[in-house]
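We name chains A, B, ... by the order of the sequence lines, and we start the count at 1 in each one. What you are looking at is a predicted structure, and each value in this text was computed from that prediction instead of being measured.
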There are 2 protein chains.
Amino acid sequence: MTGVTTAAADPVEPKPEKPRRARGEQTRQLILETALRLFRERGYAETTMRVIAKEAGVAVGNAYYYFDSKEHLIQGFYDRNQAAHREAAEQILASETELAPRLRGVLHAGIDVNEPYHSFAATLFKTAAEPTSPLSPFSRESSPAREAAIALFRDVVDGSTAKLDPELRKELPELLWLAWMGVVLFWVYDKSPGRRRTRRLIDGSVPLIDRLVSLSRLRVLRPALRQALALIESVRRDD
Amino acid sequence: MTGVTTAAADPVEPKPEKPRRARGEQTRQLILETALRLFRERGYAETTMRVIAKEAGVAVGNAYYYFDSKEHLIQGFYDRNQAAHREAAEQILASETELAPRLRGVLHAGIDVNEPYHSFAATLFKTAAEPTSPLSPFSRESSPAREAAIALFRDVVDGSTAKLDPELRKELPELLWLAWMGVVLFWVYDKSPGRRRTRRLIDGSVPLIDRLVSLSRLRVLRPALRQALALIESVRRDD
DNA sequence: CTGACTACTTGAACGCGTTCAAGCAGGAGC
DNA sequence: GCTCCTGCTTGAACGCGTTCAAGTAGTCAG
């Protein structure tokens, strides 16, 4: 869920490569709409394919004509939320100029957007976590969405008044995206009411990151920063 | 997958609370042994409960008398690897006295132990990643193994000659375990031959952690350290 | 030795996600 | 109008993990 939330992604790829006709597209939307509603109403595991089909007034097999599996239905949800995060973030970025509130706003916006779907985000997460899954935030298939997400964090950094080491500036967007992945991971596991703990994690981490970023220009920390950047470079390499 | 690998854990809790008799224990072991063998031979998803039962010469229902679910069978696999990691780590801890080599050795030992199961682990990871799964390293069922794993990292810290802030010393074992979880996550996704990138991640991170831990006693960093510790405390709280 | 208790064992049955051979329908070409 | 072609639709059937009412057998009290 929301691993790669943020990007404006193409709205759910169709399964058949054949030219789509109007009737098919209508049925497809009907099934997707019905499924997402039921997921929201009674949860993912409790919603059976049979019920989705019945509620949509089609046969079970019909759902499988348009979607490879029950999990693929979630892709539709996934794609919708990405646009929503982008939009919510845009508002923050237009009104804030300092790094900390910009970052904080964008992270909270991400949680806001995904909060209504927390319970079945966990299920999507199960699929996304599999290294071979196209839903994985690290997969090649997610690469455009991931790039867009990193670009969002580049906006966060570049649009801010923060002064920081130029080397760090280059890496920071990707590091912040990684931190965002960490927040999402925490959020998925967070069972506290209203996801209070995730909110606290954000509110606590952001000033800390902000402080460390400022400190990065301190002489005593230069070697450590160099070391960290070298580590990133060496791990990224795959030779 | 090795999420909680590391500890010497009690070898798979029995389901029935009643006093266990010899016959039951034997059947239990037989089922577990058969299941793990089949998982290794043909993979987790491809091994059905029916086949496990048949191969073990018992009824399907009998497997469910001893194990709550198919997933619970994997716990047996975990528990074994934990013992192996513990043992491998023990050797390092006995011969090294400085923090960095101790940590580095223990992390590498963890990868060594799990390397033969890398492909298997990737499949299992999908299951373990689900927050509601008993296999999740954060689940209640994994709690004894998790505690033991944290204890291992407490050994790493306490047995070393490193001087560090007492507050940090208290938190460091759990933080190192969390870092280990991160390494495992990276490892699962690591497709490089011989898992070179994971090795590099360890070799690069350890000196960095070591340096940061030393720097933590510096005056300029005290406020940041305090802030970080407060963050941990506030996030852990669930009120 | 007998009965009852209980740890252990059974396999048919359930509901699930998924598949597939079979049919339906509406537009293009004649 | 007829005939294909093909996008679309069907629902019985499959194999899976899991459950459970019904049994079996070892043990202990009397």
Side-chain angles (χ1 to χ4, degrees), chain A residues 13-32 34-36 38-39 42-76 120 123-124 126-127 130 133 135, chain B residues 12-32 34-36 38-39 42-76 123-124 126-128 130 132-135 141:
Chain A
E13 225 46 70
K15 181 179 167 188
E17 291 86 2
K18 312 282 177 74
R20 237 185 299 157
R21 302 214 204 139
R23 184 156 56 102
E25 184 54 25
Q26 208 174 326
T27 309
R28 184 197 169 72
Q29 289 301 332
L30 172 64
I31 292 168
L32 180 58
T34 308
L36 294 186
L38 290 172
F39 288 164
R42 34 166 115 179
Y44 178 78
E46 289 69 29
T47 304
T48 72
M49 291 300 279
R50 273 164 249 265
V51 167
I52 293 171
K54 189 171 204 174
E55 199 85 354
V58 299
V60 240
N62 206 357
Y64 283 93
Y65 181 75
Y66 293 102
F67 300 92
D68 282 322
S69 72
K70 188 182 177 186
E71 284 180 352
H72 275 78
L73 279 165
I74 310 183
Q75 286 263 23
F120 80 93
T123 310
L124 172 56
K126 174 184 173 157
T127 307
E130 195 181 28
S133 166
L135 265 75
Chain B
V12 183
E13 224 47 68
K15 182 179 165 188
E17 291 86 3
K18 311 282 177 71
R20 236 185 301 159
R21 299 210 207 146
R23 183 157 58 102
E25 185 54 25
Q26 208 174 328
T27 308
R28 184 196 170 72
Q29 290 300 332
L30 173 64
I31 293 169
L32 181 58
T34 308
L36 293 186
L38 291 173
F39 288 164
R42 35 168 115 180
Y44 177 75
E46 290 70 27
T47 304
T48 71
M49 291 299 280
R50 272 164 252 264
V51 167
I52 293 171
K54 190 171 202 173
E55 199 86 353
V58 300
V60 241
N62 205 357
Y64 284 92
Y65 181 74
Y66 292 104
F67 300 92
D68 282 322
S69 72
K70 188 182 177 186
E71 287 181 354
H72 277 80
L73 280 165
I74 311 182
Q75 284 274 14
T123 314
L124 259 49
K126 176 184 174 157
T127 309
E130 197 181 28
T132 59
S133 166
L135 288 177
E141 282 92 335

Hey, can you pull the donor-acceptor pairs under 3.5 Å for the side chains in residues 44-55 of chain B, sequence neighbours left out?
| residue | atom | partner | partner atom | Å |
| --- | --- | --- | --- | --- |
| B:T47 | OG1 | B:L38 | O | 3.3 |
| B:T47 | OG1 | B:G43 | O | 2.6 |
| B:T48 | OG1 | B:V51 | N | 3.1 |

What does the list of N/O pairs under 3.5 Å between the protein and nucleotides 12-19 of chain D look like, with a distance for each?
| residue | atom | partner | partner atom | Å |
| --- | --- | --- | --- | --- |
| D:dG17 | OP1 | B:K70 | NZ | 2.8 |
| D:dG17 | OP2 | B:M49 | N | 2.9 |
| D:dG17 | N7 | B:R50 | NH2 | 2.4 |
| D:dG17 | O6 | B:R50 | NH2 | 2.8 |
| D:dT18 | OP2 | B:Y64 | OH | 2.8 |
| D:dT18 | OP2 | B:K70 | N | 2.8 |
| D:dT18 | O5' | B:Y64 | OH | 3.4 |

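Checking C:dA7, D:dC8, C:dT10 against the side-chain heavy atoms of B:V58 singles out C:dT10 as nearest.
Cation-pi contact between B:R28 and B:Y65: absent, since separation from the ring centre below 6.0 Å together with deviation from the ring axis within 45° is not met.
When side chains are defined from C-beta on, B:L32 counts as touching B:L73, because their heavy atoms get closer than 4.5 Å.
B:L30 CG to B:T34 OG1: the interatomic distance, rounded to the nearest 0.5 Å, is 4.5 Å. Taking CD from B:Q29 and CD from B:Q26, the interatomic distance works out to 9.5 Å, rounded to the nearest 0.5 Å.
One atom, CG of A:N62, and another, C1' of C:dC20, lie 14 Å apart when rounded to the nearest Å.
Proximity of B:T27 to the phosphate of C:dT9: a side-chain N or O atom is located under 4.0 Å from OP1 or OP2.
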Spell out protein contact along nucleotides 21-28 of chain C as letters: B when the base is contacted, S when just the sugar-phosphate is, - when no protein heavy atom is under 4.0 Å; keep the 5' to 3' order.
--------

